[in-house]
**Q** 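Got a structure here, written out as structure tokens. Questions coming.
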Amino acid sequence: MTMITSNPARQLFRFNAGYWRATPGPFKVGAIILAAHALFAVIGTFWTPYGFAEMGAGLPLSGASWQHPMGLDQIGRDVFSRFMHGAHIVLLLAFAGTMLGMVAGTTLGLISGYVGGWFDEITQRIVEAMISIPFLALALVMIIAAGPTLAGEPVLIVFVVGLVYAPRITRIARAAAMEIATREYVAVAELRGEGTWSIVFREILPNAANVLLVEFSLRLSYAPILIGALGFLGFGIRPPTPEWGLMISENRNLLIASPVTVFGPGLGLASLVIGFNLFTDGLSRMLGQRPVMGA
Amino acid sequence: MSVFRLLASRILFSALTLLLVSILIFLILEALPGDVATRILGRDATAKALEVLRSQLHLDQPALVRYFQWLGDFVRGDLGVSIATGRPIGDVLGPRIVNTLLLSLFAFAIYLVLALVPAIIQATNRGKAVDNILSVITLVLLSLPDFLLATMLLFLFAVAVPILPALATISEASTWLETLRAMVLPAVTLAIMMAVYAIRVLRDSLIEVLRSDYVRLAELKGLRPRAVLFRHALPNAIVPALNVTALNLGFLIGGVVIVERVFSYPGFGTLLIDALQLRDIPLIKATVMISAAVYVAANLVADVLAVLLQPRLRTSR
Amino acid sequence: MKKLIDVRNLNIAYGAKSSWTNVVQDVSFEIAGGEAFGLVGESGCGKSTVAYRLLGYGTINSLVQTGEVLFDGTDLLKLDTNSLTKLRGNRIALVPQNPTTSLSPGMRVGSQIREMIAAHRALPDGMSMQSRIVELFALVGLPDVGHRYPHELSGGQQQRVAIAMAVACNPDLLVLDEPTTGLDVTTQRQIIQLLGDLRSRIGMAMLYVTHDLALLAQIADRVGVMYAGQLVEVAPCDQLLAAPAHPYSRGLITSIPTVDGTDRRAQGLRGVLRRDQMSTGCKFEPRCDFATAACRTTPQVLEPFGEMRSVACMKWREATVPQTPAVKPRPGARTAAKPGRLLSIADLNLSYGKPSIFDRFLGKTSPSIVRDIDLELRAGEVVALVGESGSGKSTIARAISGRLPPRAGLISLDGDLLASTLKSRSVEQLRQIQYIFQNPDASLNPRRRIRAILERPLAHFGIEMDEMALEGVLENVGLHAGYLDRFPEQLSGGERQRIAIARALLVNPKLLICDEILSALDVSVQARIVELLRSLKEKHAVAMLFISHDLAVVQQLADRVAVLYKGALMQLADTDTLLDAPLHPYTEMLLEAAPGLSKDHYVSRPPAMPASKAVHGIGCPLAGRCPRQVGTICAETRPPVQETGSGFVRCHVPLDRLLFRQVPIATNTGDSIHRAGTAPAFSGR
Ligand code: SF4
Ligand code: SF4
């Protein structure tokens, strides 16, 4: 017993080092990519070579150079600076939106799956209806419905991502809860007379954690694409804020003249998503779960 | 439970879902607190313009009445009139839907090949180099945002090596060959996007099925590997992939929106974007309803196929 | 006899490049043409791994290090896929463990057999495919079910289909991997009977892999006992059972419960097979009662002795303790005085869950699963509820515990009526009834330490308990304080079940419901849990409702037995009385089917009126299957309850006629043969 309770801090440290070596390859690569992105985003928040909205940083359309690794856009803004500044915006929006969807979806899903009955029936029908409206269409309609005052605000994007995700996460959480609810330790708790909340949070949630973690990671990997797509279609963050999807859309006119202004940010976005996806893959392999795609 | 009863209850549920979708869309677009007309036209709209819009949308009537009127019309096939163009929505939508349908069918054909072949290769060569390489490729393609993939393909095959048209603008005047050529890039983009999901699911489920007791027994019965794969493994492994295909269809309709936009293809997706940009509410409602209906129908088909492929489901649901 | 298959020095390891674990070591045996060879051992001993190699099959992560498997002179381990494909199914066929998962779910069973015959072009001359398939079905005692899908057949039928498929090409060798596990006792015996029958007809050899030595005794000529990847003893079946040489075989045999009325206390095996604590010498050393220091370092190999036997223990001669003729009187402690009644169930009727909305819409009600149950439990008494799967025994337990509100009927505890739902029962009532589940893997929350698992009920019921007392409870169930900080996955199945028992006892219940708590465990572990329950019963005077499908286990523990069939109580009696004079035709069937420890040449008795099936909810559920059915009256009217001294029998046949059996049930234990059919035990009362 002494062995087990000895020095938790040291244990944690050893735990980490040992675990890191034991993690699957994709997880390592993914984690490194994500760490690099995070670092890049932190730096970009405070410092960029040029101002992100600074026009005339150089000759427009002059292509890639050492001063301007991603070239310059139509009005002479340095694309790399914009890209750098945009990093934290993309990360924060993705994270906040996914988190919102996760909290709402998990709570609703677990309770609905465990309690069952009419509550579950109604929740499921609504969830089903929300999922039937295609992803992007639902997001766009919600943005339109929010009206011109809110359009382009980060809060709106976070809410839209959260609302689009919530029903999908609800479904996963519900399935997990229903499966776990058949386990006998839940029956044991019921036989003891434990209340619903106690069972959901003591018995079900800890055992659904793996499924939910993988789901979170999976949703997180898609969030930058969703946010980018909104920006690309002109319904995302309001310019001149350099959200990556928006930048790609703005610079698309330069595809022939200066392709790097499109593919620079594009590759940045892709590498972020690759990082997330590798991370998810590794995580699911480690936790013995299979990510449920799409839906 | 007989297949028919199953089918009946499925259809019933689908209809219910669509009804809820209509309520949802209506709630989001028209029943949110605040004045709809101002939200459409913005703060600085003139009082006159607002007035015209209000009467066009029958905003003077209570929401409930408007909803049932709309629903009634919709069910009867009257989709209303577009605010922006003043044309009946049915006329506007018709040709666009046909175009998108053509594109989707083309994409679907490519998709089938693109999904099945790599998944089978991967599952039967599990852990070997081919499997790993294909896994990496799928993962990278999976991570490419659809708008980026479309733009990249466009750059590669229309700008760098100009063998295909960059813009897929087709019209009645274009010949068959022109239309087909125009559709290659958008269709390939869509197919890749659908396939990457399906490959992963199909690979995993195929691997699982290949490990199952019945595949082992089939092997130990002395059947040839090909027979084991195609007769015993594949029919059972395909069901999860089928579900994913259907589930991802919602996601794909989003993809259509983006792909059509990148290639300026005159389909359903561009129409939706136009409608959104012009805040043409009747048109938005109609397009969203139709896309939800497509999604629901696809899932219905997938469910029925799953039941046909897995006789077990006929009794246990 | 000519050797058909010859396994030599087989060594198999599992794992990946970095770390290999030996799972099979130096296994050698041979099977002659037409011979039935059994391979027996606890789970994880490597028996299935060996068996599949006889089909030239191994999983990707297993590797044959040395050895050969000679079949008709060719080494199967060296054959290429193509030649293997020709051999498999055709000359060596498999009967899989679990037919439910082994038959292709999307294919009609007829096509699955057809495909087998077609692949090997094994259609006998002048016969059409269709008639051959029908013939095969007939061979295994099935009607033509070719157009059915696997899921439309019962477990027993599925296994028959799998057997029909296996023998479709008249193979020389049949490999059977636990072919009856998961089936009901009576079905098990019918399958064994069928296999013996087929063997004599087709003349094929068999390799029969199982954990169930008693079952093996019914079919095998010779048996190899495996432990931790090694063969520790090979002997003709009857000799092994009569005089096992290896200490492990001995422990295994004494662990097996039988219904022959004997009590074999405390001779079973201790500990469990742990691959991580293997000594370099004898693998069995950590668990062996005869081990010496030399055993730990000297590897043991099979040494021949006697005429056809060999054993891998250097001390087997010394280690032979004269086995006490295992017949000991049953514990006399069975409660003589009748204490007050604790639980009473009256007219209980149950049906499953709520009907779905769709069904309610159509005005359908779900049929009763359990009908008219009357049962009483006295304080401190163990009553067993016995029945085959689907008989409703667990459903009754669910209703008592409050998880399934009954459709009708009353349940009362200590004279107070119990509410039908959990929510409306008082905390005190919840505490008094504790439930232990079948599967210890699922009944402990994997995310909590044992300490938290044990402390939660204490906190919930407001019971104070200090660390010492907690440790005391653990010791009570044969564990120690070191377990408190472990997670369930660090425990073996038996240990987990002990924790579950400890958790239930911790809150001082009056009634313990044990729902098939042994069936997920290995035989040797089972024996020790029974031992534990027995001591707990004496110490705590807690009453138990012990639910089981296994009469043999029940007889070691229960004071009274209630026999359930398709949701109706068939008989209730004192355990001794029941075993001596089963009376009810169904009890009789169960007892006959339970295998003894030697060949008993069981032949299932045919139903008297197979066509006369019970009218649901009215007739005797056994009608149509009962060997003593007296007429359509059985199917059409409810059999009357006939009181006996210690309980009742529900049957249309009058008691005095039930007393006389058509066939004596067992021929092995001299003791029970005398008891059978003579003085009825209840007549004196
Ligand atoms: S060799 Fe020693 S330890 Fe092994 S079984 Fe024989 S007596 Fe026991
Ligand atoms: S009532 Fe008839 S069918 Fe039922 S057990 Fe008695 S004899 Fe058999």
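Reminder, nothing fancy here: chain letters follow the sequence lines and each chain counts from 1. Just so it is clear, the structure is predicted and the values come from calculations on it, not from any experiment.
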**Q** Counting neighbours of CZ on A:Phe95 that are heavy atoms of other residues, nucleotides or ligands and sit closer than 6.0 Å, is the number greater than 12?
**A**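 Atom CZ in A:Phe95 is not crowded, with 12 or fewer foreign heavy atoms closer than 6.0 Å.
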**Q** Check each atom of C:Arg503 against the heavy atoms of chain A and say whether the ones under 4.5 Å are side chain, backbone, both or neither.
**A**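 Just its side chain gets close to chain A.
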**Q** Passes side chain to side chain contact (heavy atoms under 4.5 Å, CB included), A:Arg192 versus C:Val507? Steps please.
**A** CA-CA 10 Å; A:Arg192 210 155 51 211; C:Val507 298; over 6 Å; no
**Q** Looking at A:Phe159, I want to see if its CZ is surrounded by more than 12 non-hydrogen atoms of other residues, nucleotides or ligands under 6.0 Å.
**A** no
**Q** Considering non-hydrogen atoms only, spot the tightest contact between A:Glu203 and C:Asn445 and give its length.
**A**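 Smallest heavy-atom distance, with atoms named: OE1-ND2, 3.0 Å.
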**Q** Output all residues satisfying ring-ring contact (aromatic ring centres under 6.0 Å, His included) with C:Phe546, sequence neighbours left out; order by chain, then residue number.
**A**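 For C:Phe546 there are no ring-ring contact (aromatic ring centres under 6.0 Å, His included) partners, ignoring immediate neighbours.
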**Q** Report yes or no: does C:Arg448 contribute a side-chain atom to a donor-acceptor pair with the main-chain N or O of A:Arg202 at less than 3.5 Å?
**A** yes
**Q** What are the two closest non-hydrogen atoms of A:Tyr185 and C:Ser443, and how far apart are they?
**A**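 Nearest pair, atom of A:Tyr185 first, then C:Ser443: CB-O, 3.4 Å.
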**Q** Taking CE in C:Met465 as the centre, count heavy atoms belonging to other residues, nucleotides or ligands within less than 6.0 Å. Is the count above 12?
**A**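 Enclosed.
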**Q** Name the region of A:Thr182, side chain, backbone, both or neither, that has any atom closer than 4.5 Å to a heavy atom of chain C.
**A**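 For A:Thr182, no heavy atom lies under 4.5 Å from chain C.
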**Q** After noting the C-alpha distance and the side-chain angles of A:Leu205 and C:Arg447, does the key distance pass the side chain to side chain contact (heavy atoms under 4.5 Å, CB included) rule?
**A** CA-CA 10 Å; A:Leu205 183 63; C:Arg447 297 268 161 180; over 6 Å; no
**Q** Where does C:Leu444 contact chain A at under 4.5 Å (heavy atoms): side chain, backbone, both or neither?
**A**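 C:Leu444 touches chain A through backbone heavy atoms alone.
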**Q** Only pairs of heavy atoms separated by less than 4.5 Å count here; which of A:Glu190, A:Glu184, A:Arg183 has the most with chain C?
**A** A:Glu184
**Q** Using non-hydrogen atoms only, which part of C:Asn439 is less than 4.5 Å away from chain A: side chain, backbone, both, or neither?
**A** both
**Q** Salt bridge (Lys or Arg N to Asp or Glu O under 4.0 Å) with C:Glu455: which residues, sequence neighbours excluded?
**A** none
**Q** Determine, stepwise, if the pair A:Leu191 / C:Leu430 fulfils side chain to side chain contact (heavy atoms under 4.5 Å, CB included).
**A** CA-CA 7 Å; A:Leu191 285 172; C:Leu430 292 177; 5.9 Å; no
